[in-house]
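To keep things clear, I will list the structure first and then write my remarks on it.
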Amino acid sequence: MATLGCIQAKMGRTTYYICKMAAGELIDRVGIAKELPEWPDMTAEEKMQRECDIKRIVEEIVPYVTEDPDRFFSSLIVDIYSGYDDISFEPLSKVVGDIPNAYAVPMADMGFITLPGKERLIALDGQHRLLSLKIAIKGVAGVPGGTKMFAAMNKLQPHPELANEELCIILVEHTDTAKIRKIFNKINKYAKQTSRSDNIITNGSGIAVAGGQCMMIVVQARRLFKEGGPLAPINGIDLVNWKSNTLSQRSKNLTTLSALYTIAETILKDKRFSSKILPDTTALDEAYQTIASFWSITLDGVQAYQQYLELTRNNKPVSSLREENLLLKPVTQMALAHVALMAQRKGISWASVVGRLNQVDWSFNNDLWFNILVIGSANKKMITGKESIRSAGMVIAYMVMGNQMTRSEVDDVRQIIRNARNDDNAPLPQMIL
């Protein structure tokens, strides 16, 4: 039996109770959707929504729970599947006797709910969080039976001290199965996913952002456009569009926050920072200096960016420059990050490479970029996609430091050009020496 302090509330025809429960008690008392008797009769769509992603739980959520001292979960919605009639709620007004009139109304909904122990509780929303707590506390023993083992599971260690963590749960009265299914479906239907830019702006942990991104990169991407950063606002004009992932033709921004993150991720690819917890201050500063240096050198050395900065300082439109020059497109900037990574791996100074970028024809009408950076059509639409950006980076790298590329790298560029031209005899672009 367990007695929990709670608040009773009602929305529509659904009565529910907001309670606090220790993690150890939660994982012992609350089950997951697969344990429901009607699981075999559920539709494929319902099962897909309720199926747990064990790999994500083990590799992303469990490390967050065990390693981040600022861990925090939102409320879990728990269905009182059976035994509801045996559960009792007693308001404070019945327990404490006479109370002042000012407190009488709110205290009518405050009190205690008693769970006798025979009830069946199922996580209606939050089963990933529930399982992550179970695995964090019990280690491998907390993994559901029948789960196929994978590498990350071998590192799981029990953390029994986490059993004392306190979580908010919302207990929902189970009047009929159809109603509960509808509640679950509506919760998921109306829970709109935040954009990638929103995640980078608001996320301080990096967990479950854009597919489990490295939290250190999130922190540093934001730092770049703060006061004192290389991409800080000029005369109140943001250089970084942190509200959306695209730039309109008339936008005064240079790049997007999403592109900023991808560029940082590429440049720091070989640093092997943890995707689970923040590194120490020294490592953070080193990472920031690496990213900031890329931007400072690029902005100082590339004529197109100097033109952009001058126009921005004078609060003049940059639309004509964006229309003429591919460097004003975030896709091209992300491709440059791949060039910088290759230079870094070869011990070539980025400043020496940047000087050669000014000799490249970055116009939309340059045939070289058709089917590499730009779709070969009149609308000048950019080609996006991770592999396409890497391919563009390889072509640019060949142009500015092809004489220091390996035979395999040159062959890669040759194949990219041939595929873009649909011509097995297409020549390599001219190198800039």
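Just so it is clear, the structure is predicted and the values come from calculations on it, not from any experiment. Index from 1, following the sequence.
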Whether over 12 other heavy atoms sit under 6.0 Å from N422 CG: no

Exam field: side chain D238 to backbone N241, donor-acceptor pair closer than 3.5 Å: no

Close side-chain approach of E59 to F150, heavy-atom, < 4.5 Å: yes

M342 vs E409 side-chain heavy atoms within contact, under 4.5 Å: yes

Heavy atoms from other residues, nucleotides or ligands near CE of M149 exceed 12 (cutoff 6.0 Å): yes

CA sep, side-chain torsions, deciding dist, call: M399, M431, side-chain contact (heavy atoms from CB on, under 4.5 Å): CA-CA 4 Å; M399 296 174 70; M431 275 193 288; 5.8 Å; no

Any donor-acceptor N or O pair under 3.5 Å, side chains W242, T256: no

Separation between OG1 of T266 and NE2 of H338, rounded to the nearest 0.5 Å: 4.0 Å

Side-chain heavy-atom pair L76, L26 within 4.5 angstrom cut-off: yes

R223 charged N/C atom sitting above Y288 aromatic ring, 6.0 Å / 45°: yes

Geometric cation-pi criterion, K10 with Y16: 6.0 Å, 45°: no

Distance-only side-chain donor-acceptor flag, Q289 / D285, under 3.5 Å: no

Donor-acceptor contact below 3.5 Å, side chain Y308 vs main chain R322: no

Contact check, side chains of K269 and E265, non-hydrogen atoms, under 4.5 Å: no

Polar side chain donor-acceptor pair, S363 to D361, under 3.5 angstrom: yes

Q430 atom CD: more than 12 heavy-atom contacts under 6.0 Å: no

Q306 side-chain N/O to L299 backbone N/O, donor-acceptor pair under 3.5 Å: yes

Pair S74, R129: side-chain N/O donor-acceptor within cut-off below 3.5 Å: yes

Separation of M334 CE from S388 OG (nearest 0.5 Å): 11.0 Å

Value rounded to 0.5 Å, distance of NZ in K138 from NE2 in H159: 15.0 Å

Under 3.5 Å donor-acceptor, N235 side chain and R313 backbone: yes

Criterion side-chain contact (heavy atoms from CB on, under 4.5 Å) on Y398 and D412, from CA distance to verdict: CA-CA 10 Å; Y398 176 81; D412 187 8; over 6 Å; no

M382 side, atom CE; W369 side, atom CH2 - distance, nearest 0.5 Å: 9.5 Å

Rounded distance (nearest 0.5 Å) linking atom CG of N315 with atom CD1 of I234: 11.0 Å

Main-chain N/O of Y64 paired with D68 side-chain donor or acceptor, under 3.5 Å: no

Residues R418, D423; criterion salt bridge (charged side-chain N to carboxylate O under 4.0 Å, His left out); working and verdict: CA-CA 5 Å; R418 288 175 175 177; D423 180 1; over 6 Å; no

Contact summary for M401 and A343, nearest pair of heavy atoms: CE-N, 3.6 Å

Distance-minimising heavy-atom pair for S132 and V62: O-CG2, 3.7 Å

Donor-acceptor contact below 3.5 Å, side chain S293 vs main chain T290: no

Point-to-point distance, once rounded to the nearest 0.5 Å, from CG of L124 to CD1 of I170: 10.5 Å

Closest contact, heavy atoms only, T255 versus P330: OG1-CB, 4.1 Å

Main-chain N/O of L368 paired to R421 side chain as donor or acceptor, under 3.5 Å: yes

Test item: N358 side-chain N/O and Q303 main-chain N/O as donor-acceptor pair under 3.5 Å: yes

For V65 against R71, the heavy-atom pair lying closest together: O-CD, 2.9 Å

Validation row: P317, L311 side chains within 4.5 angstrom (heavy atoms): no

Residue pair R29, L115: steps toward the side-chain contact (heavy atoms from CB on, under 4.5 Å) verdict: CA-CA 10 Å; R29 284 182 173 271; L115 307 176; 4.0 Å; yes

Side chain T332, main chain L326, donor-acceptor under 3.5 Å: yes

Distance-minimising heavy-atom pair for A23 and L167: CB-CD1, 3.7 Å

Cationic N near anionic O, under 4.0 Å, R414 to D411: yes

Any side-chain heavy-atom pair of K381 and F364 under 4.5 Å: no

V240/N253 under side-chain contact (heavy atoms from CB on, under 4.5 Å): CA gap, chis, key distance, verdict: CA-CA 5 Å; V240 179; N253 310 121; over 6 Å; no

Pairwise side-chain contact, I18 with C168, heavy-atom cut-off 4.5 Å (strictly under): yes

K346 atom NZ, over 12 foreign heavy atoms within 6.0 Å: yes

Considering all heavy atoms, the nearest V58-P63 contact: O-CD, 3.2 Å

Close side-chain approach of C19 and I113, heavy atoms under 4.5 Å: yes

Whether Y305 side chain and L327 backbone form a donor-acceptor pair below 3.5 Å: yes

